[in-house]
Amino acid sequence: MKTYRTGFLLALIGNIVLAVVLVGLWLHYCAAKPMGDGQTKLANSSVQDSMANSMAAPPASAEMPLVPVQISPQRLQSIGVKTGKVERKLVADEIRTTGSVAVDERRLAYVQVRFSGYIQKVFADATYQYVRKGQPLFTIYSPDLVATEREYLVAKHNQQVVAQSTVPGVASSAASLLDAAAERLKQWGVPQKEIARLESTGQVQQELEVGSPVSGYITERNALPSVAVQPEMRLYTIADLSTVWVQAQVFQNDLALIKVGAPATLTVNTYAPRTFTGRVDFVYPQVDMETRTAKVRVVFSNSGLQLKPGMFVNVSLKVPMGNQLVIPATGVLQSGTRAIVFVERSDGYIEPREVQLGSRVGDDFIVLKGLKAGQQIVTSANFLIDSESQLQAALGSFVPPPPGAGTASVSNAPQGNVELSSDPTPPHKGSNVFRVKLTDASGASISGAEISVTFFMPAMPAMGMAAMRMPLTLGDKGNDLYEGSGQLDSGGTWQVTILAKKNGQLVATKQLSVNATGGM
């Protein structure tokens, strides 16, 4: 142990000395670095400023201005543009979830007696045995019950004897005693047929037969022969399974859509493809903190007794949402904090319009603001039109091209040569260095330009992913090379738009796709 401690201390001291030496060398290097090279400091400052601007850009910078564009029918067809209609229709959503079958607590019955005694015979002697209403369950002997029955018979006999008495109060007292004994038997839950038998025969029954109060299955049994019974003892629990509850788990985001009384359907692999129908009965007022779900109680008829307590089932909750204005989900371009839709105008232009969306219903979105019924919107190739609109905005004030123009202003702009590269190659999810080589049509270098690069990945609703956009400004490194750092939030295919401007004039543009490595 002593040798081990000595070795550990020596290693620790050696690491500390090494760290001190490294820090000293680094400080010496920084102090000895030449500071008079103004050109070097300017280049470093330019790169640092461009990196700072790209990494610290406010969220609003991602929301670039958009303007209407006009694209020829031939080009619309070549890039695969399709359109859809804004329409108003009855909408119903569907929430799919899972749940488990449970006993309907309103259809539970407990068998107890209201007097002490001893069980003699047991007829219902197995759990989950089916019993009918009134079917005998067991017999019980109770000294208190026997004594009360005898009091009843005596009171009845005395009433008959003194019925003709002329002494004031005698007949009424005898009748009062008889009524008290009869009332005690009723309060103890003695069946009316037993009281009728007692009156007709005049004989005390030593054992009382107790029947089932309902029809159903015995889910709990504590009645055994010769067991002493007290009033608080639960002898049987009987469940009527003709109706069952299903406890469905619903995410908290969907709770506002669920209303009591709404229709629901249920499927279970055991009985596929049969579908059971029911209704929402209750929404529990508590959310599970771990799963962020709440229980929704759905009532189903179970006449065939196929739904058994404990079964795992699939539940579909129908959510009628009334008459709503809807558009195809593919027509929405999620751009940062905005939702953009491209509307076909009557004058031949495609206008980007910001809209306010409600819930997604199947393949459609509910539109709350920004569109009217009957309008036509673009439902495919949204990104290409978005890039075209951004390019028009980058050119300055919007000047509509002449009618019938075969191409947009991208093809009319001065065509320099733009080459994009990255470090690492290919780029990956996370931080990357991007470089652009800019030359004119003759291959000569173009310096002093402003290079903006926009990375865009469209939304993937099926995977729960919103659209992503990463704008980046590159700094001039000299020798027709521009460089800057940026953060890609995901791997996959990114659509890239490069704009190069000098003295306020567009000198080159380029659109391409870049595949980044790494997961989503």
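Any value given below was found using the heavy atoms of this structure, including those in side chains, with hydrogens, waters and symmetry copies removed. Worth saying up front: this structure is predicted, and the values here are computed from it rather than measured.
- Within the 3.5 Å criterion, the main-chain N or O of G80 finds a donor-acceptor partner in the side chain of S380.
- No side-chain heavy atom of V378 sits less than 4.5 Å from a side-chain heavy atom of K82.
- Counting heavy atoms of neighbouring residues, nucleotides and ligands inside a 6.0 Å radius, atom CG of N323 exceeds 12 of them.
- At least one donor-acceptor pair closer than 3.5 Å links the side chain of R360 to the backbone N or O of G362.
- Residues N302 and L241 approach most closely at ND2-O, 3.0 Å, considering heavy atoms.
- The closest side-chain heavy-atom distance from I340 to V332 is not below 4.5 Å.
- With contacts defined as side-chain heavy-atom distances shorter than 4.5 Å, the pair F276/L307 qualifies.
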Subject >> Stepwise salt bridge (Lys or Arg N to Asp or Glu O under 4.0 Å) check, E450 with K502 >> reply: CA-CA 6 Å; E450 299 174 2; K502 185 173 181 179; over 6 Å; no
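- There is a side-chain donor-acceptor pair under 3.5 Å between Q247 and Y284.
- Remark: K510 NZ is packed, more than 12 non-hydrogen atoms of other residues, nucleotides or ligands lying under 6.0 Å away.
- Looking at F434 and Y482, their side chains never come closer than 4.5 Å, going by heavy atoms from C-beta outward.
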**OP:** Evaluate the side-chain hydrogen bond (donor to acceptor under 3.5 Å, both in side chains) criterion for residues S513 and Q495: first the C-alpha distance (whole Å), next the side-chain angles of each, then the deciding distance (0.1 Å), finally the verdict.
**Re:** CA-CA 5 Å; S513 297; Q495 307 294 335; 3.0 Å; yes
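- At distances below 3.5 Å, not a single donor-acceptor pair connects side-chain atoms of S242 with backbone N or O atoms of S303.
- Within a 6.0 Å radius of NZ in K133, no more than 12 heavy atoms belonging to other residues, nucleotides or ligands are found.
- Nearest heavy atoms, L108 versus A239: CD2-CB, 3.6 Å.
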Subject >> Test salt bridge (Lys or Arg N to Asp or Glu O under 4.0 Å) applied to D364 and K89, step by step >> reply: CA-CA 11 Å; D364 297 328; K89 63 181 181 180; 3.2 Å; yes
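- The CD1 atom of I451 lies 13.0 Å from the CD atom of E483; values are rounded to the nearest 0.5 Å.
- Within 6.0 Å of CD on Q112 lie more than 12 heavy atoms contributed by other residues, nucleotides or ligands.
- Rounding to the nearest 0.5 Å gives a distance of 8.5 Å between OG1 of T330 and CG of D363.
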**OP:** Starting from the C-alpha separation in whole Å, work towards a yes-or-no answer on side chain to side chain contact (heavy atoms under 4.5 Å, CB included) for I498 and T509.
**Re:** CA-CA 5 Å; I498 304 174; T509 67; over 6 Å; no
**OP:** Dump the intermediate steps for salt bridge (Lys or Arg N to Asp or Glu O under 4.0 Å) on D281 and R106, then the final yes or no.
**Re:** CA-CA 12 Å; D281 183 62; R106 300 190 186 103; 3.2 Å; yes
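- Between T243 and R107 the shortest side-chain heavy-atom distance falls below 4.5 Å.
- For T98 and N314, the side-chain atoms include no donor-acceptor pair closer than 3.5 Å.
- For the pair D440 (side chain) and A444 (backbone), a donor-acceptor distance under 3.5 Å is present.
- Among all heavy-atom pairs drawn from T83 and Q376, the shortest one is OG1-OE1, 3.7 Å.
- The shortest distance between side-chain heavy atoms of P427 and V514 falls below 4.5 Å.
- A distance below 6.0 Å separates the ring centres of Y217 and Y130.
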Original post:
Does the pair I327 and V341 meet the rule for a side chain to side chain contact (heavy atoms under 4.5 Å, CB included), with working shown?
Top reply: CA-CA 10 Å; I327 58 174; V341 172; 3.9 Å; yes
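- Using a 4.5 Å heavy-atom cutoff, the side chains of V86 and V367 are not in contact.
- Other residues, nucleotides and ligands place more than 12 heavy atoms under 6.0 Å from the CZ atom of F282.
- The structure places CG of N503 at 12.5 Å from CG of L506, a figure rounded to the nearest 0.5 Å.
- Note: L481 CG to D476 CG = 8.5 Å, rounded to the nearest 0.5 Å.
- In this structure, E94 pairs ionically with K318, as a charged nitrogen and a carboxylate oxygen lie closer than 4.0 Å.
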**OP:** Begin with the C-alpha distance, continue with both residues' side-chain angles, and end with the deciding distance and a verdict on side chain to side chain contact (heavy atoms under 4.5 Å, CB included) for V298 and L317.
**Re:** CA-CA 9 Å; V298 190; L317 304 175; 4.1 Å; yes
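- For the residue pair P426 and T517, the shortest heavy atom distance occurs at CG-CG2, 3.9 Å.
- Two residues are said to be in side-chain contact when any heavy atoms from C-beta on lie closer than 4.5 Å; V433 and R435 meet this criterion.
- Residue T267 holds its OG1 atom at 8.0 Å from CZ of R96, rounded to the nearest 0.5 Å.
- Between K372 atom NZ and L325 atom CG the span is 11.0 Å, to the nearest 0.5 Å.
- Summarising the geometry of M457 relative to T493, their closest heavy-atom pair is CE-O, 3.4 Å, with the distance given to 0.1 Å.
- Side-chain atoms of D254 never come within 3.5 Å of backbone atoms of I258 as a donor-acceptor pair (strictly under, hydrogens ignored).
- For L137 against Y236, the heavy-atom pair with the smallest separation is O-OH, 3.7 Å.
- Ion pair R353/E351 flagged as a salt bridge, since at least one NZ, NE, NH1 or NH2 atom sits closer than 4.0 Å to an Asp/Glu carboxylate oxygen.
- Side-chain polar atoms of S212 and Q135 form no donor-acceptor pair below 3.5 angstrom.
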